[in-house]
Amino acid sequence: MAARLLQSELAVDLNRIQIYPTNQYTPSVHRLLQVTANVYDAATNRTLTDYPFVPSVFRPLFTNDGGAIYICGYAEETGTNLLNATMQDVADSADRAALQTMDMVYGVPAIVGAKKGWPNFNEFGLQNDITVSRTLVFHRVGSTLNTNQVYKVAISNAFGIEAWNSYSATFPRPLAMMASVDVILSVTNPLGTIIGPDGLALSNAFSVSVVTNIAATNWTGFKSPNFAISFVVPLVTNYLFLTNSSYLFSQNAFTTGTDPINTFPNLQFSVNMDARVRFALVDASANRIVDYVNLSASEDTLSLGDLLKRNSDGSDATCDGNFNGEIGSLFCTNRLMGSAFVFVPTYGILNQFGISMGTIQVSEAFWNTYDAQVADRAASINQFRNRILGADTTTDFATPFSPKRTIHHYISWQANDPLVHDLVADLVDLASGAKTVTFDQDVLQGAIPHLGSPLPLNPHYRPWGGNPLRTGDTVPPTANNFAIKDPLITKSDSWNFPTNEYPNLDWIGKVHRGTPWQTLFLKSTNTDALTWQLWSGVTNVNGAQLTMPTNDWHVVSLIVSSLNTNDPHHIYSVNQPTPDAWRGVLDGLTVMTNIGPSQFDTVVMSSNSPQVAVIATALDAARSSQPDHYFHDVGDILATPELSTASPWLNTSNGVNSGITDEAYEKIPAQLLVLLRPDSVASATEEAGSFHVRFSGLDGYAYGVQVSSDLQIWFTVSTNYPSKGSFDFVESTLQNLPRRFYRSILLP
């Protein structure tokens with residue numbers, strides 16, 4: 001089924017998904033693979049454990065085809081061998097050359113079926129702090145003062161991983177938790193790689209791994225919004241990438257010595273960072289992987305020269321030569337009179353000199369906040385002025401005010417729905433407006449402080465109703481939008497996933513669709529592109545559209561046609577000719593009707609009821625409005641609002657407060673889909689004198705191709721068996737044939 005879904009929806013071959021040099025493994029590809037695993041797990045029930053039942057795990061297999069790297073299929077992982085796989089980085093030529101089929105590639109996930117009741121990876125947070133200060137030093141030779149600028153730079157990181165038992169019950173069985181993080185940092189400039197204090201290139205990969213064993217009944221469930229004990233932080237650490245070191249422009253290195261006097265080059269550092277996170281949970285009694293995360297991302301390069309010129313609120317400083325109290329203006333890189341010569345001081349340096357001389361007045365708070373030395377302001381200004389003017393003939397001295405900035409760079413990967421955490425896009429909160437870079441004392445956006453804190457829910461967590469610890473809604477609103485998440489699924493306990501339900505398919509709408517807080521979408525209401533992009537975390541507009549909920553209409557058609565055990569001869573055409581015909585199809589279906597908020601009765605529909613008449617008329621009208629006036633797929637009927645969101649059986653007068661569940665909205669379409677079959681639809685082409693007709697059809701059944709000259713008398717000319725939903729009929733003697741019509745019919 002995965003192969004058919006990928007080929008039909010995205011024209012991607014399951015056994016040839018390229019990940020290098022072009023990466024075809026997009027969120028839309030992953031979602032279809034996830035849906036396949038979720039449908040598989042909904043139709044089966046493993047007896048290895050009691051509830052919660054272990055999920056299926058499918059690991060990708062890889063191949064190197066002339067330097068291009070592909071996923072060449074998937075294999076079920078029934079143990080823990082996946083955790084011992086060699087990790088390869090496809091951006092590294094040596095790793096590509098060494099790649100073996102059973103290796104794992106950084107950033108390419110395994111597919112883990114969505115099963116209720118399991119703790120999950122919840123969050124990775126990293127804070128990268130870059131501190132830069134600049135001192136102007138002076139050396140007196142007779143009556144001449146020579147000047148040098150000295151930049152000092154420090155870079156440090158703190159990061160952690162968090163897991164969560166988001167279900168109310170204490171987890172009953174023993175678990176082993178593995179967590180690994182690699183942080184790869186490098187600093188470069190237009191000259192290339194910068195040399196660090198140790199004489200080596202300023203580049204480093206810091207790696208840390210931990211294993212945490214959690215005994216049975218030792219992982220408490222989530223009882224209330226501030227129940228921190230349900231969160232486990234297996235890894236939190238920090239490391240110093242670069243100590244507070246002086247940079248020598250003439251050597252392109254952090255080393256001792258001095259640069260040529262009276263020159264003022266600009267600091268043009270670029271800080272590059274990659275983060276890789278691997279996390280796994282193993283059920284120790286079953287020896288099965290139950291959660292697996294393999295995340296990898298390259299962060300946008302930080303240009304220090306540009307960032308230092310920003311103020312603490314992130315705005316660009318005014319760099320016109322006038323100081324107006326902005327800290328960013330102390331790092332302006334443009335020069336007096338627009339000069340391009342390095343021996344002409346920058347406006348930033350002139351502002352620093354003016355503050356040190358007292359000719360530019362700043363407050364005590366400004367001085368103490370942004371000065372690297374924290375000297376006594378009045379006394380140090382007076383001393384510096386005397387030295388500059390010659391009253392004090394000290395040979396070597398420095399500006400008392402040395403401006404210091406700290407740039408905070410955050411990586412914050414947080415699960416919205418705990419079941420959706422396999423790709424970085426799943427974990428990036430585009431709807432919050434949270435900053436990825438802040439400055440100086442602005443650390444409120446930090447990615448680390450709330451890990452394991454008394455208020456542990458991450459801001460990205462937004463079930464139905466929104467995050468219970470956050471006031472207000474997102475912009476645009478998402479708290480109660482049933483086009484993007486299932487109504488009344490207010491927490492993980494609210495899920496009602498099917499288990500061991502095959503061959504009956506009326507559970508199809510209860511299968512998690514691989515986007516936050518949403519099952520396969522059987523409703524008629526679509527969302528707008530911007531809201532969906534912010535909600536899904538997929539920054540690429542086209543990529544986001546490929547995962548939108550209404551794409552499930554065709555996905556469900558394919559799933560139902562693949563799994564439906566009803567004999568097509570005994571079910572109905574999706575193109576019923578009249579409303580009366582639709583009334584017959586709807587007769588006998590059960591429906592939920594609300595008698596009060598969150599209160600429902602179950603009713604059996606009768607073909608002569610007024611509600612059925614409304615739905616039947618709407619289906620007939622929907623068919624007439626389709627291209628060519630017929631439903632191409634079974635899922636096309638889902639665009640009919642009267643089947644779901646405008647059902648005459650539901651009272652929606654109170655809007656989102658009506659207490660209508662997702663099951664109630666989708667009760668009718670879930671039953672109706674399995675009673676319908678698509679008609680065989682044709683497309684025709686002429687090639688080299690031959691007439692080619694491709695018909696759609698259901699695999700495993702015989703179809704007859706019929707011809708007619710008058711659309712009244714038809715003759716069967718061939719018997720055909722569809723493969724992957726279609727078959728071809730060819731007339732090779734087109735020039736000798738009279739004009740005629742073609743159709744295919746399902747044979748007895």
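In terms of heavy atoms, Gly328 sits closest to Arg405 at CA-NH1, 3.8 Å. Scanning all heavy atoms of the two residues, the minimum distance from Val420 to Leu427 falls at O-CD2, 4.1 Å. Pairing each heavy atom of Asp274 with each of Ser298, the nearest pair is OD1-OG, 2.9 Å. Pairing each heavy atom of Asp103 with each of Ala98, the nearest pair is OD2-O, 3.9 Å. Annotation for Ala37 and Ile111: closest pair CB-CG2, 3.6 Å, computed over non-hydrogen atoms.
In this structure, Trp464 contributes its side chain and Asn480 its backbone to no donor-acceptor pair below 3.5 Å. The main-chain N or O of Ser245 is never found under 3.5 Å from a side-chain atom of Thr243 such that the two would form a donor-acceptor pair. Side-chain atoms of Asn311 do not come within 3.5 Å of backbone N or O of Gly314 as any donor-acceptor pair. Using modelled atom types, one side-chain atom of Asp493 and one backbone atom of Ser168 make a donor-acceptor pair closer than 3.5 Å. The backbone N or O of Val277 lies less than 3.5 Å from no partner atom in the side chain of Asp182, so there is not a single donor-acceptor pair. No side-chain donor-acceptor contact under 3.5 Å links Asp92 to the backbone of Asp89.
Separation of atoms CG (Asp41) and NE2 (His512) is listed at 13.0 Å; rounding is to 0.5 Å. Taking OG of Ser156 as the reference point, atom CG of Asn128 lies at 7.0 Å (rounded to 0.5 Å). Taken to the nearest 0.5 Å, the CZ atom of Arg59 stands 5.0 Å off from the CG atom of Leu82. Interatomic distance, Met178 CE to Leu83 CG, rounded to the nearest 0.5 Å: 5.0 Å. Annotation: the span from Thr86 atom OG1 to Met104 atom CE amounts to 11.5 Å, rounded to 0.5 Å. Taking CD of Gln268 as the reference point, atom CG of Asp306 lies at 9.5 Å (rounded to 0.5 Å).
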side-chain hydrogen bond (donor to acceptor under 3.5 Å, both in side chains) evaluation trace for Tyr461 with Asp417: CA-CA 6 Å; Tyr461 175 75; Asp417 174 356; over 6 Å; no
Is there a salt bridge (charged side-chain N to carboxylate O under 4.0 Å, His left out) between Asp50 and Arg173? Walk through the geometry before answering. CA-CA 10 Å; Asp50 295 327; Arg173 296 197 295 275; over 6 Å; no
Could you give me the CA-CA distance, side-chain angles and deciding distance for Tyr74 and Leu33, then say whether side chain to side chain contact (heavy atoms under 4.5 Å, CB included) is met? CA-CA 10 Å; Tyr74 283 82; Leu33 293 172; 3.3 Å; yes
His409 vs Asp129, test: side-chain hydrogen bond (donor to acceptor under 3.5 Å, both in side chains). Steps then yes/no. CA-CA 6 Å; His409 178 210; Asp129 286 345; over 6 Å; no
Residues Phe269, Ile130; criterion side chain to side chain contact (heavy atoms under 4.5 Å, CB included); working and verdict: CA-CA 11 Å; Phe269 282 11; Ile130 307 165; over 6 Å; no
Please lay out, stage by stage, how Asn157 and Asn238 fare under the test side-chain hydrogen bond (donor to acceptor under 3.5 Å, both in side chains). CA-CA 5 Å; Asn157 277 278; Asn238 58 73; over 6 Å; no
Quick one: do Phe254 and Ile195 satisfy side chain to side chain contact (heavy atoms under 4.5 Å, CB included)? Show the steps, please. CA-CA 6 Å; Phe254 287 92; Ile195 303 302; over 6 Å; no
Start with the C-alpha distance between Gln24 and Gln18, add both sets of side-chain angles, then the distance that settles side-chain hydrogen bond (donor to acceptor under 3.5 Å, both in side chains), and finish with yes or no. CA-CA 5 Å; Gln24 290 182 310; Gln18 188 173 141; 5.2 Å; no
Kindly determine whether Tyr106 and Val90 satisfy side chain to side chain contact (heavy atoms under 4.5 Å, CB included), including the steps that lead there. CA-CA 8 Å; Tyr106 288 114; Val90 295; over 6 Å; no
Take Lys404 and Asp371 through the salt bridge (charged side-chain N to carboxylate O under 4.0 Å, His left out) test and state the conclusion after the steps. CA-CA 6 Å; Lys404 179 182 69 174; Asp371 179 38; over 6 Å; no
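Ion pairing between a basic and an acidic side chain is recognised when a charged N comes within 4.0 Å of a carboxylate O; Asp316 and Lys309 show no such pairing.
Atom CG of Leu469 sits in a crowded spot, with more than 12 heavy atoms from other residues, nucleotides or ligands closer than 6.0 Å. Shown here is Lys491, whose NZ atom has no more than 12 heavy atoms of other residues, nucleotides or ligands within 6.0 Å. Residue Asp300 qualifies as open at atom CG: its count of foreign heavy atoms under 6.0 Å is 12 or below.
Side chain to side chain, Asp662 and Thr519 meet the donor-acceptor criterion of an N or O pair below 3.5 Å. There is no side-chain donor-acceptor pair under 3.5 Å between Ser402 and Tyr370. In this model, a donor atom of one side chain and an acceptor atom of the other lie less than 3.5 Å apart for Thr406 and Thr131. Looking at Thr78 and Glu76, their side chains never bring a donor and an acceptor atom within 3.5 Å of each other. Between the side chains of Ser186 and Asn272, at least one donor N or O lies within less than 3.5 Å of an accepting N or O. For the residue pair Asn416 / Asp429, no side-chain donor-acceptor distance below 3.5 Å is found, with atom types taken as modelled.
Using cut-offs of 30° and 60° on the angle between ring planes, the pair Phe124 and Trp413 is tilted. Using a 30° and 60° split on the angle between ring planes, Phe497 and Trp495 fall in the parallel class, below 30°. Ring planes of Phe222 and Phe231: perpendicular class, angle over 60° (limits at 30 and 60°). Between Tyr410 and His408, the two ring planes are parallel [angle under 30°; tilted spans 30° to 60°].
In this structure the side chain of Leu534 never reaches within 4.5 angstrom of the side chain of Thr474, judged on heavy atoms. Considering only heavy atoms from C-beta on, Val233 stays 4.5 Å or farther from Ile161 through its side chain.
Side-chain rings of Phe121 and Tyr292 stay apart, their centers remaining 6.0 Å or farther from each other. Between Trp118 and Phe53, the distance separating the two ring centers is not shorter than 6.0 angstrom. Ring centroids of Tyr239 and Phe206 are separated by less than 6.0 Å, placing the two rings close together.
Note that Arg134 lies in the cation-pi zone of Phe331, set by a 6.0 Å cut-off to the ring centre and a 45° limit from the axis.
Among pairs with a residue in residues 212-221, none fulfils side chain to side chain donor-acceptor pair (under 3.5 Å), at least two apart in sequence or across chains.
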